[in-house]
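Below is one structure, written out as C-alpha cells; comments come after it.
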Amino acid sequence: MGLSKTQLFTPVQNRIAALAKAIGHPARIAILQYLIGHNGCVCGEIVDALPLSQSTISQHLKALKEAGLIQGNISGVRTCYCINEDVWKEAKVMLQSVFIDLENCC
C-alpha cells in the first residue's frame with residue numbers, strides 16, 4: 001500500500017498494520033522470542049544465536065525499533081536491546097482486538 005493511501009484509514013488501523021508489518025518476518029519473531037527469553041538487554045548475543053549475518057539482524061532490529069516493539073540503549077560501542085513493555089502491551093491489545101472482531105464474523 002502506498003504511503004498516500006494510509007490517510008484513508010483510521011490511526012488505529014494504521015498502527016495495527018505497522019505493528020503487524022514489524023512482526024511479519026520470521027527473523028523478527030525469532031529476535032523477539034530471544035529478547036523475551038533473556039529478560040533484559042541483549043547486545044551482540046543475538047547475532048550469535050540466529051543463523052543470520054550481523055547486517056541482516058541490524059536491519060530487523062531497526063524495523064522492530066521503528067515500530068517501538070524494542071528499545072535500544074547505547075552502552076559504549078554496543079547497543080543493548082530489550083522489549084519495550086508499554087508498546088508490547090499496546091500491540092497485544094490491538095492485535096487481539098482484530099481477532100476478537102473476527103469471532104463475530106459469519
Side-chain angles (χ1 to χ4, degrees):
M1 174 170 39
L3 292 177
S4 62
K5 300 291 183 180
T6 60
Q7 69 212 28
L8 301 175
F9 302 96
T10 69
V12 171
Q13 290 167 331
N14 280 301
R15 182 64 177 144
I16 292 170
L19 291 166
K21 182 178 179 181
I23 62 171
H25 192 286
R28 295 182 194 151
I29 297 296
I31 290 168
L32 289 169
Q33 289 173 326
Y34 186 83
L35 291 174
I36 290 165
H38 285 81
N39 281 340
C41 287
V42 178
C43 298
E45 295 91 0
I46 298 171
V47 175
D48 296 334
L50 299 176
L52 301 169
S53 69
Q54 188 277 326
S55 62
T56 300
I57 289 175
S58 290
Q59 290 174 345
H60 289 299
L61 288 168
K62 180 181 177 190
L64 291 169
K65 191 171 179 186
E66 286 175 352
L69 290 166
I70 64 171
Q71 51 195 6
N73 300 311
I74 298 172
S75 176
V77 296
R78 300 173 71 154
T79 303
C80 294
Y81 293 97
C82 59
I83 298 293
N84 181 336
E85 291 184 31
D86 292 336
V87 176
W88 189 257
K89 290 174 188 174
E90 172 198 14
K92 182 178 178 181
V93 169
M94 290 186 139
L95 292 170
Q96 280 180 331
S97 74
V98 173
F99 290 102
I100 288 170
D101 290 345
L102 288 177
E103 289 177 1
N104 299 319
C105 184
C106 328

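Predicted, not measured: the structure shown is a model, and the values here were computed from it.
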- line: residues 28-64 vs ring-ring contact (aromatic ring centres under 6.0 Å, His included), sequence neighbours excluded, gives His25-His60, Tyr34-His38
task: Indicate the atoms forming the closest heavy-atom contact of Leu52 with Ala27, along with that distance.
output: CD1-CB, 3.6 Å
task: Can you sort out the partners of Ala91 under side chain to side chain contact (heavy atoms under 4.5 Å, CB included), two or more places apart, ordered by chain and number?
output: Leu19, Leu69
task: Tell me, please, which residues at least two apart from Glu90 pass side chain to side chain donor-acceptor pair (under 3.5 Å).
output: Arg15
- request: Would you name the heavy atoms of Ala67 and Ala18 that are closest together and state the gap between them?
  value: CB-O, 4.4 Å
- request: Identify, with sequence neighbours excluded, every residue that meets side chain to side chain contact (heavy atoms under 4.5 Å, CB included) alongside Val12.
  value: Thr10, Ile16, Met94
- request: Return the set of residues passing salt bridge (charged side-chain N to carboxylate O under 4.0 Å, His left out) with Glu45 (not counting sequence neighbours), or none when no residue passes.
  value: none
- line: Residues passing the side chain to side chain donor-acceptor pair (under 3.5 Å) test with Glu66, sequence neighbours excluded, are none
field: Those residues that, when tested against Gln33, pass side chain to side chain donor-acceptor pair (under 3.5 Å) (two or more places apart)
entry: none
message: So, using side chain to side chain contact (heavy atoms under 4.5 Å, CB included) as the criterion, who are the partners of Leu50 when residues are at least two apart?
response: Ala30, Ile31, Ile46, Ile57
field: Flag side-chain contact, heavy atom, 4.5 Å: Ile83 against Ile70
entry: yes
- prompt: Any side-chain heavy atom of Gln54 sitting closer than 4.5 Å to one from Ser58?
  reply: yes
- prompt: Taking C-beta and beyond as the side chain, do Leu95 and Ile23 meet within less than 4.5 Å on heavy atoms?
  reply: yes
task: Any ring-ring contact (aromatic ring centres under 6.0 Å, His included) involving residues 62-86? Give me the pairs, sequence neighbours left out, ordered by first then second residue.
output: none
- request: Name all residues meeting the side chain to side chain contact (heavy atoms under 4.5 Å, CB included) criterion together with Ser55; count only those two or more places apart in sequence or in a different chain, and write none if there are none.
  value: Ser53
Straight-line distance of Gln71 CD to Glu85 CD, nearest 0.5 Å: 8.5 Å
